[in-house]
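All remarks here apply to the structure that follows.
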Amino acid sequence: QVQLVESGGGLVQTGGSLRLSCAASGRTFSSYAMGWFRQAPGKGREFVVGISSSGDSINYAASVKGRFTVSRDNAKNTVYLQMNSLKPEDTAVYYCAGYLGTSIFTGVRYWGQGTQVTVSS
């Protein structure tokens, strides 16, 4: 069983930056893709970014491309999300996700508990 624990959320002003981390345990980290999703109040959960198990394939949602950067450290069993130029519409609970296989096209299998990101205008 995989456990995912996010950290790094908080309150930031428009234009500011935050870095989220997600620590994984319970399965060989380098064997599965990882991703970040978010859910704003009253809305469904939406895809933000996915990164393959090796880190050589990354897909961003159009809404965050150019502002957010995902990375992973397989030696530390951790995936990161660097968020720059934050906007109020980025306010949401951010969830770390672990996929079934090496590609994000294998489907999400594991979820973290979420971390709140609030961007004030």
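Atoms considered below: every heavy atom in the structure, side chains included; atoms not considered: hydrogens, waters and symmetry mates.
Checking V48, V79, N59, V64 one by one against V70, the side chain to side chain contact (heavy atoms under 4.5 Å, CB included) holds for a single residue, V79. When each of T14, L18, T91, T118 is checked for a side chain to side chain contact (heavy atoms under 4.5 Å, CB included) with L86, only L18 meets the rule.
Donor-acceptor pairing under 3.5 Å is lacking for the side chains of D73 and T78.
Of the possible donor and acceptor atoms, one in the side chain of E6 sits under 3.5 Å from a partner among the backbone N and O of C96. Side-chain atoms of S103 come within 3.5 Å of backbone N or O of F105 as a donor-acceptor pair. A donor-acceptor pair under 3.5 Å is formed between the side chain of R72 and the backbone N or O of S52.
The hydrophobic clustering, which links ILVMFWY residues whose side-chain heavy atoms are closer than 4.5 Å, places I51 and Y60 together. Linking Ile, Leu, Val, Met, Phe, Trp and Tyr residues whenever their side-chain heavy atoms come within less than 4.5 Å places Y110 and L81 in a single cluster. Both V108 and F47 are assigned to one and the same hydrophobic cluster, defined by single-linkage of ILVMFWY side chains at heavy-atom distances under 4.5 Å. Under the 4.5 Å side-chain heavy-atom criterion for ILVMFWY residues, a single connected hydrophobic cluster contains both L20 and F29. By the rule that hydrophobic residues join a cluster once side-chain heavy atoms approach within less than 4.5 Å of another member, I58 and F68 end up as members of one cluster.
In E46, the CD atom is crowded: over 12 heavy atoms of neighbouring residues, nucleotides or ligands sit closer than 6.0 Å.
Between S53 and S31 the shortest side-chain heavy-atom distance does not fall below 4.5 Å. Between Q82 and S71 there is no side-chain heavy-atom pair separated by less than 4.5 Å. Inter-residue side-chain proximity for V2 and R109 is flagged as unmet; no heavy-atom pair is nearer than 4.5 Å. Contact annotation: the side chain of M83 approaches that of Y94 to within less than 4.5 Å [non-hydrogen atoms, C-beta and beyond].
Aromatic ring pairs are classed by plane angle as parallel below 30°, tilted from 30° to 60° and perpendicular above 60°; the pair Y95 and W111 is perpendicular. Between F37 and Y99, the ring-plane angle classifies as tilted under the 30° and 60° cut-offs.
L4 approaches A24 most closely through the heavy-atom pair CD2-CB, 3.6 Å.
Atom CD1 of I104 sits about 6.5 Å away from atom OG of S57, to the nearest 0.5 Å. To the nearest 0.5 angstrom, Q3 atom CD is 11.0 Å from C22 atom SG. For the atom pair CG (N77) and CZ (R27), the distance works out to 12.0 Å, reported to the nearest 0.5 Å.
Sequence neighbours left out, the pairs with a member in residues 88-107 that pass salt bridge (charged side-chain N to carboxylate O under 4.0 Å, His left out) are R38-D90, R67-D90.
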